[in-house]
Number of protein chains: 4
Amino acid sequence: MVRETVLKAEKRQAGTELKDKIFKAAQRLFVEKGYHSTSIPDIVKEAGVSTGAIYHHYSSKEELAREIHKTAVQQFLANFNEQVRTQKSTYAKIRAYTSLMFRWTEQDPVMVQYLLYGRPKEILVRNLTVCSEEGLQATREMVEQGMEAGEIKTMNPCLASAIISGTLMRMIELRLDGLIEHPLEEFIEAAANNIWLALKA
Amino acid sequence: MVRETVLKAEKRQAGTELKDKIFKAAQRLFVEKGYHSTSIPDIVKEAGVSTGAIYHHYSSKEELAREIHKTAVQQFLANFNEQVRTQKSTYAKIRAYTSLMFRWTEQDPVMVQYLLYGRPKEILVRNLTVCSEEGLQATREMVEQGMEAGEIKTMNPCLASAIISGTLMRMIELRLDGLIEHPLEEFIEAAANNIWLALKA
Amino acid sequence: MVRETVLKAEKRQAGTELKDKIFKAAQRLFVEKGYHSTSIPDIVKEAGVSTGAIYHHYSSKEELAREIHKTAVQQFLANFNEQVRTQKSTYAKIRAYTSLMFRWTEQDPVMVQYLLYGRPKEILVRNLTVCSEEGLQATREMVEQGMEAGEIKTMNPCLASAIISGTLMRMIELRLDGLIEHPLEEFIEAAANNIWLALKA
Amino acid sequence: MVRETVLKAEKRQAGTELKDKIFKAAQRLFVEKGYHSTSIPDIVKEAGVSTGAIYHHYSSKEELAREIHKTAVQQFLANFNEQVRTQKSTYAKIRAYTSLMFRWTEQDPVMVQYLLYGRPKEILVRNLTVCSEEGLQATREMVEQGMEAGEIKTMNPCLASAIISGTLMRMIELRLDGLIEHPLEEFIEAAANNIWLALKA
DNA sequence: AATGAATGAGTGTTCATTCAT
DNA sequence: GATGAATGAACACTCATTCAT
């Protein structure tokens, strides 16, 4: 049975107390209202700091957004490496991936929402959700190894990845939007199993 | 075999020529640069009309965006009703849905991109992709009828919908981002079949 | 005797009434408080226009300053060409140049002040007063022709120019600063004569 | 023959090392970029000191600028008193003044530039170059004594002063702007002689 | 003496919207 | 219908200055 490991959280050290308040307030607001609709004055109010403090710690609004995104991606990758990559079988990996994402959504919806929507698309040029390049790469690696091992049937790896990450993302989206009323943990088993049916050799 | 029907296009009457120029310029820009990064002066330049003309035809920038969105949803629904709903079996419906979305993406990527990213999230409050409420509703109806008919196994309908729309959306996303280099038409068969494996009774 | 010609003034056509109000208010303030100490809100107040109006007519504060400078230089050159260049003898030219600058100072001190202090130095990189490159060029041409004609003794042309423009500028400066209390017109004769003593062959 | 005395330099006591670093960094930057375009952070970087240190030694940015200006004026006066005032004849004085200013320009262009351009105009309200009031006073004194002694012809003292300081300042300006390519020392003789021709009885 | 995090008023600029023509 | 000059609130960002350490 898959160990339900504790999720990796905040790596950023405390000490810089203000910096943290700014980070969290901005993250909350960016998710809630979007990057462009969140003004610096909004963050000032939400974080209870001065305008100058924000620019003391971050060189621009954009850098602040990038920093938040980077943190989200790093957390995702740390969790993925620890809980998913370490699994032996491909099925176990898919199960662990589903578990990771669903539990994370329940535990820190703001962070996951940032991963999904607060994506750099709005800010930068490229976009790619669920953890951008790195997230995509992680899923593909899983798929390709599964194919090599003969556990997943031969198919276009993009399609296989899309079935996995598309399904998970869509479930999370429906949950965050309140269209799924039960905690996602209840769906881990079913989601993983059905994805597996689509992929297994 | 599934008939590859022609896609429903522009329903909006030619009527006022200027209004059309504004609509199309705005749509292009909203997709390209995002709603917030597109200014009225941008649209003025792109469409080659005056500021006043925009406000003559649309009461605000937001209404313009909403209008574009509404059109996209209407086109989606028209196509869905004609090509998907009319299918007999659930498998045929899934196959037709996949075909519709993949072919549409190749044919009018701007419009599909608008459906996926230019979503009201940025503009309004609620979001819900692939055609918002209506799109979701369409997929769910398909799933629920399939379950009643015993073609789809008993499962949470949200999960079933997520597998379908999540996979399709993710494929489209990868294609629009240039990570899939072949036309999506090549994947219709495989995508539909694999989705079916996850759902069939 | 030297004809005391009328000074060339405002070439800029009316019509764009607001643009003119902005131009004049900015010119007044730039001279009075300097470019950097004059804020856009200052100009807004002084000109009685809106912020937007300024940016509708000038692309930036810097461009506004450049426009004012350009106008001053053009007026200078127009007057110089008409009143100084047309003189036959070098002495007559020096006399006319002195007359031009002293009368102009009395008539439009703001403009002359702008020529002297409001120079691009503060704004741009290069500086060179009394009409920048063009003004310098004009004086040098006068000097070199005088030397060729044997009217001015052989000497470094920069030195000769410096004697002319340095003396005139310094007189104007003292007048604008209130250290000379009589109108400069009273000094035309004496200034021109003494400069001439320093230069004549 | 006029003795080419050594120029009086830094009178300010070494005292606090940091204060000196701040002074010099600020002077360099004020000349290079102008007072307003030089920020405290700029000085912090250039001097390699902390913000606090600047405010420990100077009560404000303005006071720092004033201090630098005062030092320049003091150096000018010290040099003037020693090298110019001590001369017997008015011609010798003019010769010595020219020599002082031209050699100083070559030796410490930053300081001289500060005297010419970094003038308080930008900072305070009044301006008056070449050493402000004191500098003007020094030149006038020279002129008035020369007239009393019958060495300079009777003329308006302001005009006489303007011929001297205007010519010197303009030469320095042309040199600092790179329009005179030879060291100013080469022009001492000629400049003094020609100024003298304009003034002598 | 020295530091540098924190402040917040102020800057130049943008832009959705209005309205006289 | 159509124009584009005009508006002014709002924005991201800067920077002289303060003050706890």
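Chain identifiers are assigned alphabetically (A, B, ...) following the order of the sequence lines, protein sequences preceding nucleic acid strands; residue numbering begins at 1 within each chain.
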Counting any heavy atom closer than 4.0 Å, what does [X] reach on the DNA or RNA strands: base, sugar-phosphate only, or nothing?
X      : answer
I40(C) : base
T38(B) : sugar-phosphate
T51(C) : base

Query raised in the report: Pick the nucleotide of DNA chain F nearest each of V49(C) and G52(D); which residue has the one closer to the 5' end?
Result: V49(C)
Requested in this report: Return the 5'-most residue of the pair S50(B), H57(C) with respect to DNA chain F, ranking by each residue's nearest nucleotide.
Outcome: S50(B)
**Report entry** Heavy-atom side-chain proximity of P109(B) to L176(B) below 4.5 angstrom
**Finding:** yes
Query raised in the report: Are side-chain heavy atoms of V49(B) and I43(B) found at a separation under 4.5 Å?
Result: no
**Report entry** Residue closer to the 5' end of DNA chain E, A53(A) versus A53(D) (nearest nucleotide)
**Finding:** A53(D)
Report summary line: Comparing S39(B) with I54(A), nearest DNA chain E nucleotide closer to 5' gives the residue I54(A)
Sort out the partner of [N] for me: Watson-Crick or G-U wobble, both distances under 3.5 Å, none otherwise.
N       : result
dA1(E)  : none
dT14(E) : dA9(F)
dA20(E) : dT3(F)

**Report entry** Short side-chain N/O contact to dT14(F) OP1/OP2 from Y55(A), under 4.0 Å
**Finding:** no
Query raised in the report: Taking OP1 and OP2 of dA5(F), is either one under 4.0 Å from a side-chain nitrogen or oxygen of H56(C)?
Result: yes
What is the separation between atom [atom1] on [X] and atom [atom2] on [N], rounded to the nearest whole Å?
X      : N       : atom1 : atom2 : result
L18(D) : dA2(E)  : CG    : P     : 5 Å
E63(B) : dA16(E) : CD    : C1'   : 14 Å
K21(C) : dT7(F)  : NZ    : C1'   : 13 Å

Query raised in the report: Can E67(A) and K70(A) be counted as an ion pair, charged N to O under 4.0 angstrom?
Result: yes
Query raised in the report: Should the pair H36(A) and H36(B) be assigned to parallel (<30°), tilted (30 to 60°) or perpendicular (>60°) ring geometry?
Result: parallel
